[in-house]
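None of these values were measured; they are calculated from a predicted model. In what follows, chains are A, B, ... by sequence order, proteins preceding strands, each numbered from 1.
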There are 2 protein chains.
Amino acid sequence: MDIKTSCLGVLAVRPASGYEIRKAFEEGPFSHFAEGGFGSIYPALGKLTEAGLVTFEVEAQEKRPDKKIYQITDAGRSALVEKLCEKEPGDDKYKSDLLFILFFAGHLPAEKIRRVIDERIAFYQAKLAHLGACGVAGDGSAPDLVREFGVTVYSAALAFLERHRKDFINLAERGKSAADAAE
Amino acid sequence: MDIKTSCLGVLAVRPASGYEIRKAFEEGPFSHFAEGGFGSIYPALGKLTEAGLVTFEVEAQEKRPDKKIYQITDAGRSALVEKLCEKEPGDDKYKSDLLFILFFAGHLPAEKIRRVIDERIAFYQAKLAHLGACGVAGDGSAPDLVREFGVTVYSAALAFLERHRKDFINLAERGKSAADAAE
DNA sequence: GTCCGCATGTAAGTAGTTACATGATTCA
DNA sequence: TGAATCATGTAACTACTTACATGCGGAC
């Protein structure tokens, strides 16, 4: 999702500073569909303010730069809904660099393959632990259902990787010996 | 994955024209991790040629523009392996516009929610039919395993959507009546 | 007779990333 | 003493998308 809509989405849930929006992109439920660094968030907030879709209040802080707390306006809410309605998610991409790497397992060092798989397994385990820990409500709210979707998909991916870890490593090892034999 | 590496990946499997690379991005196993239109592919092939990572031969055709058949060079294969080795897939993003939309189900028209879910269900079903149809080999090759990964993840996502289709639609309907009541 | 597939490319524009710039506080 | 967190922002750059430009052949 583009950065302006992502910011608007976070602000639709609660007011936040640019810094807090960044955290939301990394940790909360928004981490499933939003991303972006300060270099995109701050300019985006600027444009949203210009367009009247958000406003901000400055919160003075001692010993830190002042905080700008952004709030979504009614126009902002309408713009968010409009944007989400016109968006056709048919072109959602599950483009994965991991799959690209695994596709070429036979051409890469076994050690590399082992490492990327193990890292990814650890990543999924951490994600699942985190998703299990927060909001275990099971209250049927949209955020909760989205969380459950994450759990479902991550679990499936994790199980697959655990099941085929050895297979990919074997492919890399055989690929290596094939390459050696060819020399 | 960036466009140059994606092209190199396709060419590592077999020689191809720019047009055929495009098709590979849309249909084959590469559709799981690569994308890009002609506006990115052709410039990318130009740069790869300059860098000596690919070469091409012109295949004259009657009544069509000549075809440039690109082939990967040894330097190109090395560059691909190097690129894949340096790539840390820890930052793989499963950023999904669908999830973004569903997260705000309570704020959107029920009809929109119903449509995006049904379209996505149809999309997954088509994907699975396609993945089942082609390469049912089950031969344990890397492409085959990657295909199986696709089947695993799509199946999980599909089952989830079918299970919670009604829940999301209800959320949208309740959200709507809440908004009406507030007026 | 209109749209789709084949086939290549360029130009202009958009969006986002990365690096820079600044600076106090807190934890190991 | 070095790294991480909090806090905002700009400038330069990279990369990709979209629209344009051209044109034949075949299917419906």
Side-chain angles (χ1 to χ4, degrees), chain A residues 1-11 15-28 30 33-51 54 56-70 83 86-88 90-93 95 97, chain B residues 1-8 10-11 15-27 33-51 54 56-70 83 86-88 90-93 95 97 100:
Chain A
M1 192 63 74
D2 65 289
I3 188 71
K4 280 196 283 181
T5 310
S6 297
C7 290
L8 230 35
V10 172
L11 297 176
S17 65
Y19 192 87
E20 288 162 346
I21 289 173
R22 175 90 206 288
K23 273 203 302 190
F25 286 178
E26 283 193 328
E27 290 163 29
F30 278 87
F33 36 77
E35 66 184 313
F38 295 127
S40 17
I41 292 169
Y42 288 119
L45 288 171
K47 281 174 212 160
L48 290 170
T49 305
E50 261 179 62
V54 303
F56 63 88
E57 278 172 27
V58 177
E59 190 178 285
Q61 292 195 124
E62 278 174 45
K63 307 179 186 173
R64 287 197 190 288
D66 291 351
K67 240 180 169 174
K68 284 188 183 175
I69 309 289
Y70 289 87
K83 183 74 182 221
E86 85 196 19
K87 195 96 195 174
E88 296 299 331
D91 42 28
D92 243 42
K93 318 279 176 179
K95 309 298 170 185
D97 284 356
Chain B
M1 192 63 73
D2 66 287
I3 189 72
K4 280 196 281 180
T5 310
S6 297
C7 289
L8 230 34
V10 172
L11 296 176
S17 65
Y19 192 87
E20 287 162 348
I21 289 174
R22 174 89 206 288
K23 272 204 302 191
F25 286 179
E26 285 193 326
E27 289 164 26
F33 35 77
E35 64 183 315
F38 295 126
S40 16
I41 292 170
Y42 288 118
L45 288 171
K47 282 175 210 158
L48 290 171
T49 304
E50 263 179 60
V54 303
F56 63 88
E57 278 171 26
V58 177
E59 191 179 285
Q61 293 196 124
E62 279 174 43
K63 304 177 184 168
R64 284 194 193 290
D66 291 351
K67 242 180 167 174
K68 284 189 184 178
I69 308 290
Y70 288 86
K83 183 72 181 224
E86 85 196 17
K87 194 96 195 173
E88 296 299 331
D91 41 30
D92 242 44
K93 318 277 179 182
K95 310 297 170 184
D97 284 356
F100 198 118

Legend entry - Terminal helix-axis angle for the helix from C:dG1-D:dC28 to C:dA28-D:dT1, with five pairs defining each axis and rounding to 10 degrees: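 It comes to 50° between the two terminal axes.
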Legend entry - Partner set under side-chain hydrogen bond (donor to acceptor under 3.5 Å, both in side chains) for A:T5, not counting sequence neighbours: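 Partners of A:T5 by the side-chain hydrogen bond (donor to acceptor under 3.5 Å, both in side chains) criterion, ordered by chain and then number, come out as A:D2.
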Inset, instruction - Report the residues that fulfil side-chain hydrogen bond (donor to acceptor under 3.5 Å, both in side chains) with B:E26, sequence neighbours left out, ordered by chain and then residue number. - result: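 By the side-chain hydrogen bond (donor to acceptor under 3.5 Å, both in side chains) rule, B:E26 matches B:R22.
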To the nearest Å, give me how far apart [atom1] ([X]) and [atom2] ([N]) are.
{"X": "A:F38", "N": "C:dT22", "atom1": "CZ", "atom2": "P", "answer": "18 Å"}
{"X": "B:K23", "N": "C:dG5", "atom1": "NZ", "atom2": "P", "answer": "10 Å"}
{"X": "B:Q61", "N": "C:dG5", "atom1": "CD", "atom2": "P", "answer": "17 Å"}
{"X": "B:D66", "N": "C:dC6", "atom1": "CG", "atom2": "P", "answer": "17 Å"}
{"X": "A:K67", "N": "C:dA24", "atom1": "NZ", "atom2": "C1'", "answer": "15 Å"}

Inset, instruction - Residues of residues 39-49 of chain A with any non-hydrogen atom less than 4.0 angstrom from an atom of DNA chain C: list those, numerically ordered, please. - result: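 Those residues are A:G39, A:S40.
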Legend entry - Donor-acceptor contact below 3.5 Å, side chain B:T49 vs main chain B:L45: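 Between the backbone of B:L45 and the side chain of B:T49 there is a qualifying donor-acceptor contact (under 3.5 Å).
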Inset, instruction - Could you tell me whether a side-chain N or O of B:D97 sits under 3.5 Å from a main-chain N or O of A:M1, the two making a donor and an acceptor? - result: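 Present.
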Legend entry - Of A:P65 and B:G18, the one whose closest DNA chain C nucleotide lies more 5':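 Counting from the 5' end, the first nearest nucleotide belongs to B:G18.
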Legend entry - Which residues share a side-chain contact (heavy atoms from CB on, under 4.5 Å) with A:E20, sequence neighbours left out: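 Listed in chain order: A:A16, A:S17, A:K67.
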Legend entry - With sequence neighbours excluded, residues passing side-chain contact (heavy atoms from CB on, under 4.5 Å) with B:P15: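 If we apply the side-chain contact (heavy atoms from CB on, under 4.5 Å) test to B:P15, skipping adjacent residues, the hits are B:I69, B:Q71.
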Legend entry - Worked check of side-chain contact (heavy atoms from CB on, under 4.5 Å) between A:F25 and A:F33: CA-CA 8 Å; A:F25 286 178; A:F33 36 77; over 6 Å; no
Shortest non-hydrogen separation from [X] to [Y] and the atoms involved:
{"X": "B:L48", "Y": "B:K4", "result": "CD1-O, 3.8 Å"}
{"X": "A:I21", "Y": "A:C7", "result": "CG2-SG, 4.1 Å"}
{"X": "B:K68", "Y": "B:V58", "result": "CG-CG2, 4.3 Å"}

Inset, instruction - Among C:dG16, C:dA7, C:dG23, find the nucleotide with the atom closest to the side chain of A:D2. - result: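 Within the option list, the nearest is C:dG16.
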Legend entry - Partner residues of B:F56 under the ring-ring contact (aromatic ring centres under 6.0 Å, His included) criterion, sequence neighbours left out: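 Only B:Y70 meet the ring-ring contact (aromatic ring centres under 6.0 Å, His included) criterion with B:F56.
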Legend entry - Leading and trailing nucleotides of DNA chain D with any atom under 4.0 Å from heavy atoms of chain B: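 Nucleotide range with atoms under 4.0 Å of chain B: D:dC16 to D:dG25.
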